[in-house]
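What follows is a short report on a single structure.
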Amino acid sequence: MAEQPVRPWTNAEIADIMDRIGDLVEVSEKEGPFQVRAYHRAADNIRHLDGDIVRIWQEGALEDIPGVGKAIAKKIDELMRTGHLRFLEELEKEVPPGVLDMLGVPGIGPKRARMFWKKLGITSVEELKKAAESGKLRTLPGMGAKSERKILEGIALLQSIPDRIPLGEARPLAERIIEELERLGPEIVEKISLAGSARRWRETVGDLDILVASTNPQPVMDEFVSLPEVSEVMLKGETKTSVRLHNGLQVDLRVLEPERWGTGLQYFTGSRAHNIALRNLALEQGWSLSEYALKRVDTGEEKLCSTEEEVYETLGLPWITPELREDRGEIKAALEGSLPHLVDLSDLKGDLHSHTTWSDGSYSIEQMAEAARDRGFSYHAITDHSTGLGVVQGVDGDRLEAQRRIVDGLNKKWKDFRLLLGVEVEVMADGSLALPDEVLARLDVVIAAVHSGLNQERETLTERAILALRNPNVDILAHPTGRLLGRRKGGNFDIEAILQEAARLGKAIEVNSSPWRLDLNDVFVRRAMELGVKISINSDAHKVSGLDDLLYGVKTARRGWAEPENVINTWPLERLLDWLKRHDQT
DNA sequence: GCCGTTTTCGGCCCGACTGTTTTCAGTCG
């Protein structure tokens, strides 16, 4: 039995601690800028790790994590063994906690936070506000009346704006802004694209980046700041303008020369980690890579790239799709020619999770089926909620029989399409299912879902999910963490253990496509792929338009390096039915 | 503090914009 940590640290908690050390070290000037960056880099990598940090520690493999060397590994080890970290506690004794809070105010970085603290004795955002209001800050070098006003605005903003908003909320806004800018016409807006984390389909975004190729930037900037969505212009320059929308979202617009579009789009799509890795690769080959060009280090000769493909090709790489650009091994894979052939929306042959008016959906069985068929799907599963979920009127054995008659009747109409009948069955508090086995056994597909008791202990929750998976009638585990982006964190499941069990049983885990779920997320999809676990990219549609969400699920799966073969609903009907049947016999 | 198909020591991404500056530091991405 592996050694147990004194508490079950999560990757996010360890990452937060490393970020905190980085901030403290910087504000206290204990170490130089490279150490600071090392802590933040380690934090970043730990936060986006595929595996569980506790397990990695147990395997003694901490130093295999990029950016984690002897010193940081030792600190993590101390946290695992003792639950605290002396180094961090020393730093916290030195720097008052409110000084770090000031870093959250836009426009305040470590240098200013330190100056306010050391020169004026300011140790909280509240004190900072008072000092700005009373004109004290302007007595400091580099500060004036305008800086004070900006800081006050920043503090007001701090209270009203969420950190990151779900992509499903941000992307439609971005698409609308792009449409509005396109109306300037192709003479002015030669090219336009979303960039940044939204182009990479990250599940949440902190801001939006929009890129325009133009030889005439001024009208683009002018149009941008006067769009109806804009509530405030934060900064406006010749090539870069930032605004805030009414919902608080920041949008950055950059204008590039068309012949530099490739390097620019590459650069502003990120991620930062991917770009740094790419830049380093370029340097190894004698190139300096910027958003403007590739430049020979020796001769200074510039190579302009008007497409991203040219940028990657010059460095000896195939074009890397934005979803993969997170520095999680994609550059190495590209060098080796082993990039995955990612699943695409067009690979999906059907959807295996949807609702109708028989539970909490808004459309009939027939309407949902026709909508799926109109999309060119060759199958579609109706999986209404079972009884046992308090808030919803669910289906039981009798109602499922009634649904079966409707489904059988509809299936007579189609030659090219098959409607499947299933259920999203409730996993009860003890891990049993809300419907008896003989009812489940008659269905084409059974999805098990934990909706209630998400605040149970990790062991209990994990056990429930695993027991559900072990029921021979269950084919798929729905939205495994139960999170709702921006609203609810999700249960404290041991996803690693659940994936291992799914691998052992040969069952599928859902990638729920609702932009508010995206569950499994990209990182866990990647882990599922490593373990050979099949996934099912499901819409969980409650209305016809919900089928559009499948794009979000596909993108999430792509971020997790999923190939069509790993996705059961890319398989032809016959193969899927065989696979579904196999479970019933185990 | 991390890292290495040129390195176990000497590097570490880099440019736009702002405010307060007579030439630049700080912040941000």
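Here is the naming used below: chain letters follow the sequence lines, and residue numbers restart at 1 for every chain. Computed from heavy atoms alone, side chains included, the values below leave out hydrogens, waters and symmetry copies. All values derive from a computational prediction rather than experimental measurement.
- Nucleotides B/dT7 and B/dC12, compared at atom C1', are 13 Å apart to the nearest Å.
- The residue among A/Glu31 and A/Lys111 whose nearest nucleotide of DNA chain B lies closer to the 5′ end is A/Glu31.
- Going from atom CZ of A/Arg20 over to atom P of B/dG1 covers 19 Å, rounded to whole Å.
- Backbone-only engagement by A/Ile108 is indicated by non-hydrogen atom pairs under 4.0 Å involving sugar-phosphate atoms exclusively.
- In this structure, the CZ atom of A/Arg114 is 18 Å from the C1' atom of B/dT27, given to the nearest Å.
- One can place CG of A/Leu91 at 11 Å from P of B/dG1, the figure rounded to the nearest angstrom.
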Can you check nucleotides 8-12 of chain B for protein contacts, nitrogen or oxygen pairs under 3.5 Å, and list what you find?
unit_1 : atom_1 : unit_2  : atom_2 : d
B/dC12 : O3'    : A/Arg37 : NH2    : 3.2

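- With sequence neighbours left out, the salt bridge (charged side-chain N to carboxylate O under 4.0 Å, His left out) criterion links A/Glu336 to A/Lys332.
- Residue pairs that meet the ring-ring contact (aromatic ring centres under 6.0 Å, His included) test with at least one member in residues 190-222 of chain A, sequence neighbours left out, are A/Trp201-A/Tyr552.
- Atom CG in A/Asp327 sits roughly 13 Å away from atom P in B/dC13 (whole-Å rounding).
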Margin query: Walk along nucleotides 16-22 of chain B from 5' to 3' and tag each nucleotide B, S or - by protein heavy-atom contact under 4.0 Å, base first, then sugar-phosphate.
Written below: SSSSS--
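- Rounded to whole Å, the separation between the C1' atoms of B/dT21 and B/dA25 comes to 9 Å.
- Under a cut-off of 6.0 angstrom, the local environment of NZ in A/Lys136 is sparse, with at most 12 non-hydrogen atoms contributed by other residues, nucleotides or ligands.
- For A/Leu283 and B/dT5, the CG to C1' distance is 16 Å, given to the nearest whole Å.
- Proximity of residues 55-71 of chain A to DNA chain B (heavy atom under 4.0 angstrom from any strand atom) is restricted to A/Pro66, A/Gly67, A/Val68, A/Gly69, A/Lys70, A/Ala71.
- Side-chain to base pairing of A/Tyr267 with B/dG15: no donor and acceptor N or O lie closer than 3.5 Å to each other.
- Taking atom C1' on both nucleotides, B/dT5 is separated from B/dG1 by 24 Å, rounded to a whole Å.
- Picking from B/dG1, B/dC13, B/dG29 the nucleotide with the shortest atom distance to the side chain of A/Ile276 gives B/dC13.
- Residues satisfying the salt bridge (charged side-chain N to carboxylate O under 4.0 Å, His left out) criterion with A/Asp549, sequence neighbours excluded, are absent altogether.
- Counting only residues at least two apart or in different chains, ring-ring contact (aromatic ring centres under 6.0 Å, His included) contacts with residues 112-135 of chain A are absent.
- Judged as a side-chain contact (heavy atoms from CB on, under 4.5 Å), and not counting sequence neighbours, A/Glu313 has no contacts.
- On the C1' atoms, B/dT20 is 14 Å away from B/dT27, given to the nearest whole Å.
- Among the protein residues, A/Pro106 comes within range of the sugar-phosphate backbone only, with heavy atoms under 4.0 Å from sugar or phosphate atoms but none that close to a base.
- Residues satisfying the salt bridge (charged side-chain N to carboxylate O under 4.0 Å, His left out) test with A/Glu153, not counting sequence neighbours, are A/Arg149.
- Judged by Watson-Crick or G-U wobble contacts below 3.5 Å, the nucleotide B/dC9 has B/dG4 as its partner.
- Applying the side-chain contact (heavy atoms from CB on, under 4.5 Å) rule to A/Val189 yields the partners A/Leu184, A/Ile192, A/Val212, A/Val220; only residues at least two apart in sequence or on another chain are considered.
- For A/Phe224, the ring pair (Phe, Tyr, Trp, His ring centres under 6.0 Å) criterion is met by no residue, not counting sequence neighbours.
- The residues A/Asp494 and A/Arg55 are annotated as salt-bridged, a charged nitrogen and a carboxylate oxygen being separated by less than 4.0 angstrom.
- Taking atom C1' in both B/dT8 and B/dC13, the straight-line distance is 24 Å, to the nearest Å.
- Counting to the nearest Å, the P atom of B/dC14 and the CH2 atom of A/Trp287 are 16 Å from each other.
- Note: CD (A/Glu284) to P (B/dT6) measures 7 Å, nearest angstrom.
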Pair up each side-chain donor or acceptor in residues 62-76 of chain A with any protein partner under 3.5 Å, not counting sequence neighbours, and list the distances.
unit_1  : atom_1 : unit_2  : atom_2 : d
A/Lys75 : NZ     : A/Tyr39 : OH     : 3.4

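- A pairwise comparison of heavy atoms in A/Ala557 and A/Val525 identifies O-CG1, 3.9 Å as the closest pair.
- Between A/Arg296 and A/Glu301, none of the side-chain N atoms (NZ, or NE/NH1/NH2) sits under 4.0 Å from a carboxylate O, so this pair counts as no salt bridge.
- Summarising the geometry, the separation between CG on A/Leu265 and P on B/dG29 is reported as 19 Å, rounded to the nearest angstrom.
- Going from the C1' atom of B/dA16 to that of B/dG11 covers 26 Å, rounded to whole Å.
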